[in-house]
**Q** 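Input: one structure, supplied below.
Counting convention: from 1, in listed order, for ligands and their atoms alike.
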Amino acid sequence: MQPSVGERRPQSFERVLSSMCTEPHPAASRAAERFIASNPGDPGTYDAVADLETEAVAALGELAGLPEAHGYVTSGGTEANVQAVHAARNLGNAGNSNLVAPESAHFSFSKAAELLGMELRTVPTDGDHRADVDAVAAAVDDDTALVVGVAGSTEYGRVDPIPELAAVAEDAGTRFHVDAAWGGFYLPFTDHEWDFADAAVDTLTVDPHKVGRAVVPAGGLLARDAATLDALAVETPYLETPSQASLTGTRSGAGVASAAAALAELWPAGYRAEYERAADLAAWFAGELSERGYRAVDPELPLVAVDLPDPLFDELREVGWRITRTGAGEARVVVMPHVSRERLEVFLGTLDRLAGT
Ligand code: PLP
């Protein structure tokens with residue numbers, strides 16, 4: 001018989017290496033608990049959590065280099081991406097029937113295209129897993145509503161050439177969206193010279209419940225202008241406020257409050273320290289794997305993809321390591337805040353034992 005719900009414990013993070021979720025910051029957990037019954041979807045009634053959402057969006061805007069950002073705390077990266085596509089479709093002309101994204105784009109764009117009755121044109125990435133700008137340009141036509149760039153890809157942690165993709169979108173007169181759901185909290189500390197403000201990005205996904213260390217669910221959709229949210233808004237007759245731009249109605253007050261708390265606590269010094277820690281650790285880990293003769297993809301952001309010969313991958317999973325594969329078959333290790341050097345040393349010890357080295 002199963003133990004009662006009260007006796008059960010969540011999955012420990014100790015061996016979780018492929019997830020983009022992590023342990024929330026203690027301040028985020030405390031804020032989540034206080035606002036667990038508040039509904040940011042009804043800001044007129046739940047004004048305290050609505051204020052926190054305004055603060056969270058402002059902080060995300062600062063992080064992304066857009067001081068006047070519009071947006072809201074979504075249920076996650078999927079909702080933010082769906083709504084970015086949704087706004088692009090609503091804002092353009094009647095021919096807005098396709099979006100163009102690199103093949104590295106998250107599967108949420110397939111959901112968006114299907115829901116919105118649009119064609120998703122995926123184009124190959126270059127030899128280093130980044131969007132191929134010429135291929136994107138070739139796929140864009142008069143019916144393109146949106147060009148998508150990824151800043152921190154789910155499988156390889158790669159950052160697409162954002163200014164070049166923005167230029168393609170601008171030349172074609174289409175909107176440009178950047179999916180930085182995972183990478184957004186690292187980018188301000190890297191040497192990427194673009195930011196939201198000067199690369200002509202219309203919308204951006206950046207998720208507090210990933211590297212931002214908020215509780216689940218807390219994604220983020222940012223928009224350069226108010227017209228984007230207006231294009232998503234529907235009238236809400238029975239609420240105290242006249243309209244709503246979010247996809248879901250009732251939303252998590254816990255997620256919103258925790259996002260505001262984590263950002264207040266960690267932006268910028270805490271996130272910088274985490275970026276530096278994780279980047280060093282990923283470089284060390286990739287080096288350790290290469291020294292052992294495994295082909296590791298050189299990490300750009302803190303994510304290491306590595307070829308592990310059969311049956312090592314399955315054997316590691318069997319002894320409890322939560323790892324997943326890229327589409328091409330490499331194992332992915334995402335160096336999230338809960339992934340420490342000690343845990344990776346234990347992983348390498350297990351790998352050596354299983355490989356008999
Ligand atoms: N975009 C990227 C780049 C992601 O890596 C993910 C998830 O890992 C998503 C979007 C979807 O986010 P969520 O699972 O919060 O909906």
**Q** Side chains of Phe185 and Glu274: closer than 4.5 Å at any heavy-atom pair?
**A** no
**Q** Check ligand 1 against the protein and report each N/O to N/O distance under 3.5 Å, formatted as atom name, atom name, distance.
**A**
unit_1	atom_1	unit_2	atom_2	d
ligand 1	1 (N)	Asp179	OD1	3.2
ligand 1	1 (N)	Asp179	OD2	2.6
ligand 1	5 (O)	Thr154	OG1	2.8
ligand 1	12 (O)	Gly77	N	3.4
ligand 1	12 (O)	Lys210	NZ	2.9
ligand 1	15 (O)	Gly77	N	3.0
ligand 1	15 (O)	His209	NE2	2.9
ligand 1	15 (O)	Lys210	NZ	2.9
ligand 1	16 (O)	Gly77	N	3.3
ligand 1	16 (O)	Thr78	N	2.8
ligand 1	16 (O)	Thr78	OG1	2.6

**Q** Of the non-hydrogen atoms in Ala296 and Leu289, which two are nearest, and what is the gap between them?
**A** CB-CB, 4.4 Å
**Q** Can you check whether Trp321 reaches Val346 side chain to side chain, under 4.5 Å on heavy atoms?
**A** yes
**Q** Out of His338, His209, Arg213, which residue meets the side-chain hydrogen bond (donor to acceptor under 3.5 Å, both in side chains) rule with Thr22?
**A** His338
**Q** May I ask you to decide whether Asp310 forms a salt bridge with Arg325, counting only side-chain N to carboxylate O separations under 4.0 Å?
**A** yes
**Q** Taking side chain as C-beta onward, heavy atoms only, is Thr122 less than 4.5 Å from Phe109?
**A** no
